[in-house]
Amino acid sequence: MKKMGCNEIRKAFSDFFESKEHYIGKSSSLIPKNDKSLLLINSGMAPLKNYFSGVEVPPKNRMSTVQKCIRTGDIENVGKTARHGTFFEMMGNFSFGDYFKEDAIKWAWEFVTEHLHIPEEKIWVTVYLDDDEARDLWLKHTSIPAERIVRLGKDDNFWEIGLGPCGPCSEMYYDRGEEYGCGSPDCKPGCDCDRYLEFWNLVFTQFDRQEDGSYPALEHKNIDTGMGLERMGCIMQDVDNIFEVDTIRAIIDEIEKISGVKYGEDHNKDVSIRIITDHIRATSFMIA
Ligand code: SER
């Protein structure tokens, strides 16, 4: 696996989906427009909800973006785990009534194995409980063996946030090895420890969550995928956590200079430095 900087990964993602005839859109502001169900943009799909529901016409029925996101729900984990940040960039490809599960799965596999050159044996996949269709597509179009496909429930494999477009999902994980694991015999994708790192969520957006809690079907089926840039950087650069990737590490270095505290010598101080790093990024982008 070749080392890749975060700027290279971002570009490789956009170039790949451009080659698959996607319109390459810009990141929207972190402040949602006309969406009272969200305080801040938390995913690539959030600013595109009206394209999924058909209220607005997209520039093209397949699109790709790298979206700035804030996710406050994970704030207590920031700095403590390898993978959580309140601010991150989400690379995504979207289909508005165009391609569905089959192409989404095929392309995800192609990008990860042929463009990022992630070793196939390190990849695990999850599918929603009874989504046999997704499981069969993974088996048919990729070399992933059945024993590395795990079924998970609504908490992990059903994407919904606020109201509107939502649906079951299938996630790709990278096995970082036993040294990152919790040692439990049940440790597998979905475990809270840092061994299996979820890096790409493929959502099969087909329902429209209403205020009354119902889930009517959307007029057409869609795709919404999201890959965390910093998590992919962590994998491609083989560093311990998302704050040590090439584009973020400079903030840690600056905090060391200002505080006089050395990173990497004391666990609790490292957690604090990572929290400060995260909050500097999040507040800078929110202000901007
Ligand atoms: N909406 C999904 C997520 O944010 C996939 O993009 O994980």
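Please read these numbers as outputs of a predicted model, since none were measured by experiment. Computed over heavy atoms, backbone and side chain alike; hydrogens, waters and symmetry mates excluded.
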Fill in: Residue pairs fulfilling ring-ring contact (aromatic ring centres under 6.0 Å, His included) with at least one residue in residues 221-271, sequence neighbours excluded
none
Practice prompt. Go through the steps to decide whether Arg274 and Asp278 satisfy the test salt bridge (charged side-chain N to carboxylate O under 4.0 Å, His left out), and finish with yes or no.
Written response: CA-CA 6 Å; Arg274 289 195 286 266; Asp278 171 77; over 6 Å; no
Worksheet item: Got more than 12 heavy atoms from elsewhere within 6.0 Å of CD, Glu211?
Response: no
Practice prompt. Using distance alone, with no hydrogens and no angle criterion, decide if Tyr99 and Asn93 have a side-chain donor and acceptor under 3.5 Å apart.
Written response: yes
Worksheet item: Which pairs, with at least one residue in residues 23-39 and sequence neighbours excluded, count as a salt bridge (charged side-chain N to carboxylate O under 4.0 Å, His left out)?
Response: Asp35-Lys49
Worksheet item: Is there any salt bridge (charged side-chain N to carboxylate O under 4.0 Å, His left out) pair reaching into residues 220-233, and which pairs are they, with sequence neighbours excluded?
Response: Glu198-Arg231, Glu230-Arg281
Practice prompt. Only counting residues at least two apart or in another chain, list the ones meeting side chain to side chain donor-acceptor pair (under 3.5 Å) with Ser43.
Written response: none
Discussion item. Would you say that Met232 contacts Ile118 through its side chain, given a criterion of any heavy-atom pair below 4.5 Å between the two side chains?
Written reply: yes
Practice prompt. Determine which pairs satisfy salt bridge (charged side-chain N to carboxylate O under 4.0 Å, His left out) with at least one residue from residues 145-154, sequence neighbours left out, and list them in order.
Written response: Asp132-Arg151, Lys154-Glu160
Discussion item. Taking side chain to side chain donor-acceptor pair (under 3.5 Å) as the definition, give me every residue that meets it alongside Glu120, ordered by chain and number, with sequence neighbours left out.
Written reply: Ser143
Worksheet item: In terms of side-chain heavy atoms, does Asp246 have a donor or acceptor partner in Gln237 at a distance below 3.5 Å?
Response: yes
Item to complete: Please name all residues satisfying ring-ring contact (aromatic ring centres under 6.0 Å, His included) with Tyr196, sequence neighbours left out, ordered by chain then number.
Response: Trp124
Item to complete: Sort and list the pairs that fulfil salt bridge (charged side-chain N to carboxylate O under 4.0 Å, His left out) and have at least one residue in residues 64-81, not counting sequence neighbours.
Response: none
Fill in: ring-ring contact (aromatic ring centres under 6.0 Å, His included) partners for Phe96, two or more places apart
Tyr51, Phe52
Worksheet item: For the ring pair (Phe, Tyr, Trp, His ring centres under 6.0 Å) test, which of Phe13, Phe16, Phe17 pairs with His22?
Response: Phe17
Side-chain donor-acceptor contacts of residues 169-178 below 3.5 Å, not counting sequence neighbours, with atom names and distances?
residue, atom, partner, partner atom, Å
Ser170, OG, Thr126, O, 2.7
Ser170, OG, Trp138, NE1, 2.8
Glu171, OE1, Tyr173, OH, 3.3
Asp175, OD1, Gly177, N, 2.9
Asp175, OD1, Arg195, NE, 2.8
Asp175, OD2, Arg195, NH2, 3.0
Arg176, NH2, Val239, O, 3.1
Arg176, NH2, Asp240, O, 2.8

Discussion item. I'd like to know whether Arg10 forms a side chain to side chain contact (heavy atoms under 4.5 Å, CB included) with Glu89, so could you lay out the CA-CA distance, the side-chain angles of the two residues, the decisive distance to 0.1 Å, and finally the verdict.
Written reply: CA-CA 9 Å; Arg10 195 194 289 107; Glu89 290 182 71; 3.0 Å; yes
Item to complete: Tell me, please, which residues at least two apart from Asp98 pass side chain to side chain donor-acceptor pair (under 3.5 Å).
Response: Arg62
Worksheet, complete the sentence: side chain to side chain donor-acceptor pair (under 3.5 Å) filter on Asp194, not counting sequence neighbours, yields Arg83
